[in-house]
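The structure appears below as structure tokens.
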Amino acid sequence: AAARYADLAAHHPDEDTRQRAAAVLDVLTPVAKSFPAEHGYESNALALQIHGGYGYSSEYPVEAWLRDQKLNSIHEGTTGIQGLDLLGRRVVAGQGAGLRALHAEIEADLARAPEDIAAAVRAALARTEALTMTLAQRGLAGDLAGMLGHSADYLELFSVLVVGWMHAKLAAAVEAREDAFADGLRRGARYWAATELTRVEALAARCESAEDSYLTMTDEAFG
């Protein structure tokens, strides 16, 4: 999806379309860099786990994949930097132009998605937008720690929303099909709606809490 918006931003003949695509791409970029890097490592860890003790040996390739995958979350930014970039710059730039453009793209796809999946994504989108406004107001008031202290959690929340949108797009694309692959896409979308999009509320509450125990740690406190 990010590559498609990059192509639209660079090559579409209509100027307004290019600008909208560029705005969407701007807020998707930290997600495209960080989410696959972090959760790709998690996927490899689970792949290793199913082999038991054998998985930890070089008899199977998964131990090499696990080691190789870890590099992605380091060289892509890192993830902490991507969170600061997303919340501190991209979603608030142009008075939220990127977030508004993303909202329009998501809503256009949800109109074609199954109702239960669309409702879950729509609720997560509304919560994300409300949270973004709350955190942006803290930043404008000079409370940068209150705004950015949980930027990594914000990035995770935002990523969960975006991947939920991708699942909704996939489910919409196969709505008229009854084959096994289409059924799998619908089940995957419903699984994400039931188990991952529900995390948005908890992550949002954490961001709003401005809990700062780790931010106020001193060097001496580490012993």
Quick check against the 3.5 Å criterion: does [X] have a side-chain atom that pairs as donor or acceptor with the backbone of [Y]?
X    : Y    : value
H103 : L125 : no
T78  : I74  : no
D179 : A182 : yes
R18  : H12  : yes

Could you state the interatomic distance from [atom1] ([X]) to [atom2] ([Y]), rounded to the nearest 0.5 Å?
X    : Y    : atom1 : atom2 : result
F158 : Q82  : CZ    : CD    : 12.5 Å
E63  : L48  : CD    : CG    : 8.0 Å
D143 : L148 : CG    : CG    : 9.0 Å
L8   : R20  : CG    : CZ    : 10.0 Å
L131 : L135 : CG    : CG    : 4.0 Å
E211 : T216 : CD    : OG1   : 8.0 Å

Hey, quick one: are [X] and [Y] part of the same hydrophobic cluster, counting side-chain heavy atoms closer than 4.5 Å, chains of contacts allowed?
X    : Y    : value
L161 : F35  : yes
L144 : L86  : no
L170 : W192 : no
V162 : L84  : yes
V24  : M166 : yes

Between H39 and E156, is any side-chain donor less than 3.5 angstrom from a side-chain acceptor?
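There is such a pair (donor and acceptor under 3.5 Å, judged by atom type) between the side chains of H39 and E156.
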Please check if the number of heavy atoms outside [X] that lie under 6.0 Å from its [atom1] is greater than 12.
X    : atom1 : answer
M133 : CE    : no
R89  : CZ    : yes
E15  : CD    : yes

Shortest non-hydrogen contact from [X] to [Y]?
X    : Y    : answer
A47  : V62  : CB-CG1, 4.1 Å
A171 : A189 : CB-CB, 4.1 Å
R90  : V27  : O-CG1, 3.9 Å
P30  : D85  : CG-OD2, 4.1 Å
A168 : V121 : CB-CG2, 4.4 Å
A210 : R138 : CB-NH1, 3.7 Å

Assess the residue pair Y154 and V91 against the criterion (side-chain contact (heavy atoms from CB on, under 4.5 Å)); give the C-alpha distance rounded to whole Å, side-chain angles, the decisive distance to 0.1 Å, and a yes or no.
CA-CA 11 Å; Y154 181 89; V91 295; 3.8 Å; yes
Compare all side-chain heavy atoms of [X] with those of [Y] and state whether any distance is below 4.5 angstrom.
X    : Y    : answer
P114 : R190 : yes
I117 : H167 : no
V92  : M147 : yes

Residues V160, L197; criterion side-chain contact (heavy atoms from CB on, under 4.5 Å); working and verdict
CA-CA 6 Å; V160 168; L197 284 175; 4.0 Å; yes
Is R112 salt-bridged to E175, cutoff N-O under 4.0 Å?
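No.
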Should the pair E208-R127 be classified as a salt bridge under the 4.0 Å nitrogen-to-oxygen rule?
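Yes.
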Parallel, tilted or perpendicular: which fits the ring planes of Y5 and W165, with parallel below 30° and perpendicular above 60°?
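If you compare the ring of Y5 with that of W165, the planes turn out tilted.
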Intermediate values then yes/no, side-chain contact (heavy atoms from CB on, under 4.5 Å), E129 and T132:
CA-CA 5 Å; E129 290 173 334; T132 304; 5.6 Å; no
Quick one: do R199 and L157 satisfy side-chain contact (heavy atoms from CB on, under 4.5 Å)? Show the steps, please.
CA-CA 7 Å; R199 297 174 54 218; L157 174 154; over 6 Å; no
